[in-house]
Every structure is written in structure tokens, then in C-alpha cells.
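Below is one structure, written out as C-alpha cells, with a few remarks after it.
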Amino acid sequence: MRYSYGIMDRRKILLYSPHLFLSGDDLLVFPTKDFNKWHGDIKKYVDGLYQINSNNMEKTKSINITGFNLALGVLNNIRKEVEQMFDPEKIYDFSYLYISTLDEKYKKQKGNYYTNDMRRCDIKIPVKPKIAPWMKYNNMMEIVNQVSQDFASLEKSGERKK
Amino acid sequence: MRVSEGVPKGRIVELYNPGMFQEREEVIVFTRDELSRTYNSIKEQIDHINNIDLFFNRGEEWKLIGYWPKILASVYLLDRNLDSLLKKEPLQCYLDACLFNIIGSSHRNVAVSKRKVSAQLKLPI
């Protein structure tokens with residue numbers, strides 16, 4: 001993305017790389033310190049999401065509902081930060097600046113996100129189904145229907161033979 | 001964050017709200033359309049995950065294993081957008097929307113090769 005740093009000079013801004021912009025462009029100007037802080041804060045939360053996922057990367061473990069709720073909480077924080085971008089009264093804590101040092105291997109996107117698991121959700125096959133009373137009833141009725149059909153066909157063929 | 005709009009005039013930018021910043025303060029300048037494109041994309045990803053959450057029935061915990069990669073895909077895009085804010089590389093979506101070249105070419109060879117790809121250029125975007 002095109003961006004340039006600049007400095008306030010007598011109520012105007014002196015650009016460091018003015019060649020990036022055409023005259024008549026619509027520009028938005030932020031204080032560098034605040035912008036970097038804002039960017040770092042959101043990166044911090046995104047790294048948090050990757051950390052929640054890091055549990056998922058081990059083969060024996062998978063995401064559970066606690067992790068999901070945690071991720072939604074972190075996401076809520078991101079949403080808040082993003083929405084407060086244009087709020088001039090927001091005061092940032094400049095005591096530290098987050099710089100992401102998370103290993104790239106945690107950030108990789110693996111192949112197609114439409115997995116076998118998602119397919120299972122779409123065609124509604126539970127991984128570990130709890131046997132509910134209606135399932136028992138349906139199962140019984142399937143057997144009964146099958147048997148009655150078989151009997152009916154047997155009787156028909158018997159009648160023909162007679 | 002304090003923000004002001006501005007218009008470039010050569011090396012200097014004239015601000016609509018110069019009172020927002022202090023004298024000698026360092027500022028960062030974006031073009032509005034590129035920033036809004038990225039900003040909206042970030043918001044879209046967040047909304048997408050929130051929608052997944054809305055339609056997710058807490059009783060059907062087994063579905064989570066399927067939805068999680070979808071959520072991660074959104075997180076990945078969100079991260080990409082954040083990175084693109086402070087990268088010098090041009091935005092890909094922005095390039096896609098600017099296939100038409102308004103500068104006429106005078107060279108004949110160029111014109112011939114240009115005719116060859118005309119079908120491609122006519123693709124609706």
C-alpha cells in the first residue's frame with residue numbers, strides 16, 4: 001500500500017516521499033506514534049488467535065469449545081480496536097510497543113479450509129452421535145419396515161406360485 | 001486516534017484540521033481509497049467470524065472441528081490485510097481494478113500485442 005511519512009511544519013505537512021501521491025488525491029493523515037501503537041495492538045490480538053490455534057496443530061489435540069469462546073473474546077477486542085481507529089479521544093498506552101515475533105510456521109494457512117470435517121457438518125453426520133430415543137425408534141422402524149416389505153414380496157411370490 | 005484529511009500540493013500536504021497535530025510531530029499519510037479498502041476488508045473478516053458464531057449451536061460441539069478452519073481462513077486474511085497496511089508493495093485488489101491503461105501507446109508493436117489481449121481486458125471486473 002502506498003504510504004509516506006511526513007512531518008508537521010507550520011500547520012502543513014512536509015512529505016518524505018511526495019512522488020507517491022498525485023495532486024488531487026484524497027489523503028488521510030495519522031500521527032505515526034499512535035498508528036504504530038494501534039497496529040501493534042491488533043497484531044498482538046491476532047497472534048493470540050494463532051496461539052489458540054497452536055493447540056490444534058498437535059495431532060492428538062483439537063479445538064474445543066473453551067478455545068472457541070476464547071477466540072471470540074479476542075476477536076471482540078480486535079473489533080473494538082478497529083472501530084476505535086477514528087475516535088480522537090481514545091488514549092493509547094505508549095509504555096510498550098508490540099512487535100510480532102511469532103514463528104511463521106504458526107501463521108501458515110494449510111491447504112483448503114473446506115475439510116472433511118466441514119463436509120461432515122454439512123451432511124450432518126455427528127462424529128460421536130449420542131443415541132437419542134428418536135434414533136432408537138427410527139432404527140427400529142427401519143427394521144420393521146424392511147421386514148414387512150420382505151414379507152409382502154414373499155406373500156406375493158407365494159400367491160403367484162399357488 | 002487523531003486523524004485529518006488532506007490534499008497534496010507538491011511536497012507539502014494541506015490539512016483540513018491542522019489543529020489535530022502538534023508542531024514537528026511525525027505523521028503517516030495514506031490515500032483514502034486504499035485505506036478504506038483495507039479497513040473494510042478487516043471489518044468484513046471480523047463480521048464473517050461473528051456470523052459463524054451466530055449460527056453456531058453450542059449444543060453441537062462436534063461441528064466446531066469443521067468450522068475452525070473456516071474461522072482460521074478469515075483470521076489469515078485479516079492478518080494479511082494488517083500486514084499490507086505497512087508494506088510498500090501495491091495492493092493486489094487495487095491492481096486488478098486498474099487493468100485499463102489510459103496512456104495511449106505510440107509504438108506500433110505495442111499496439112499489435114495490445115490487440116491480442118483485448119479479450120482479456122474486456123473481462124468484466
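Here the structure is a predicted model, which means the values were calculated and not measured. Chain naming here is simple, since letters A, B, ... match the order of the sequence lines and numbering starts at 1 in each.
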**OP:** In plain terms, say whether Glu34(B) and Arg2(A) are close enough for a salt bridge, that is, a side-chain N and a carboxylate O under 4.0 Å apart.
**Re:** yes
Subject >> Glu83(A), part contacting chain B, at a heavy-atom distance under 4.5 Å >> reply: both
Original post:
What about Tyr76(B) and Tyr50(A), are their ring centers closer than 6.0 Å?
Top reply: no
Original post:
Are the side chain of Glu23(B) and the backbone of Arg10(A) linked by a donor-acceptor contact shorter than 3.5 Å?
Top reply: yes
**OP:** Would you check if the distance from the ring center of Phe68(A) to the ring center of Phe56(B) is below 6.0 Å?
**Re:** yes
Original post:
If you tally heavy-atom pairs under 4.5 Å against chain A, which of Lys9(B), Arg24(B), Arg58(B) wins?
Top reply: Arg24(B)
Subject >> Leu86(B) versus chain A, the contacting section by heavy-atom distance below 4.5 Å >> reply: both
Subject >> Centroid separation Phe21(B) to Phe30(A) less than 6.0 Å >> reply: no
Subject >> Residue of the set Lys108(A), Lys43(A), Lys44(A) for which salt bridge (Lys or Arg N to Asp or Glu O under 4.0 Å) holds with Asp79(B) >> reply: Lys43(A)
Original post:
So which part of Ile91(A) gets closer than 4.5 Å to some heavy atom of chain B, the side chain, the backbone, both or neither?
Top reply: neither
Subject >> Stacked cation flag Lys88(B) on Tyr3(A), 6.0 angstrom / 45 deg >> reply: yes
Original post:
Considering only heavy atoms, which portion of Asn36(A) lies under 4.5 Å from any heavy atom of chain B: side chain, backbone, both, or neither?
Top reply: side chain
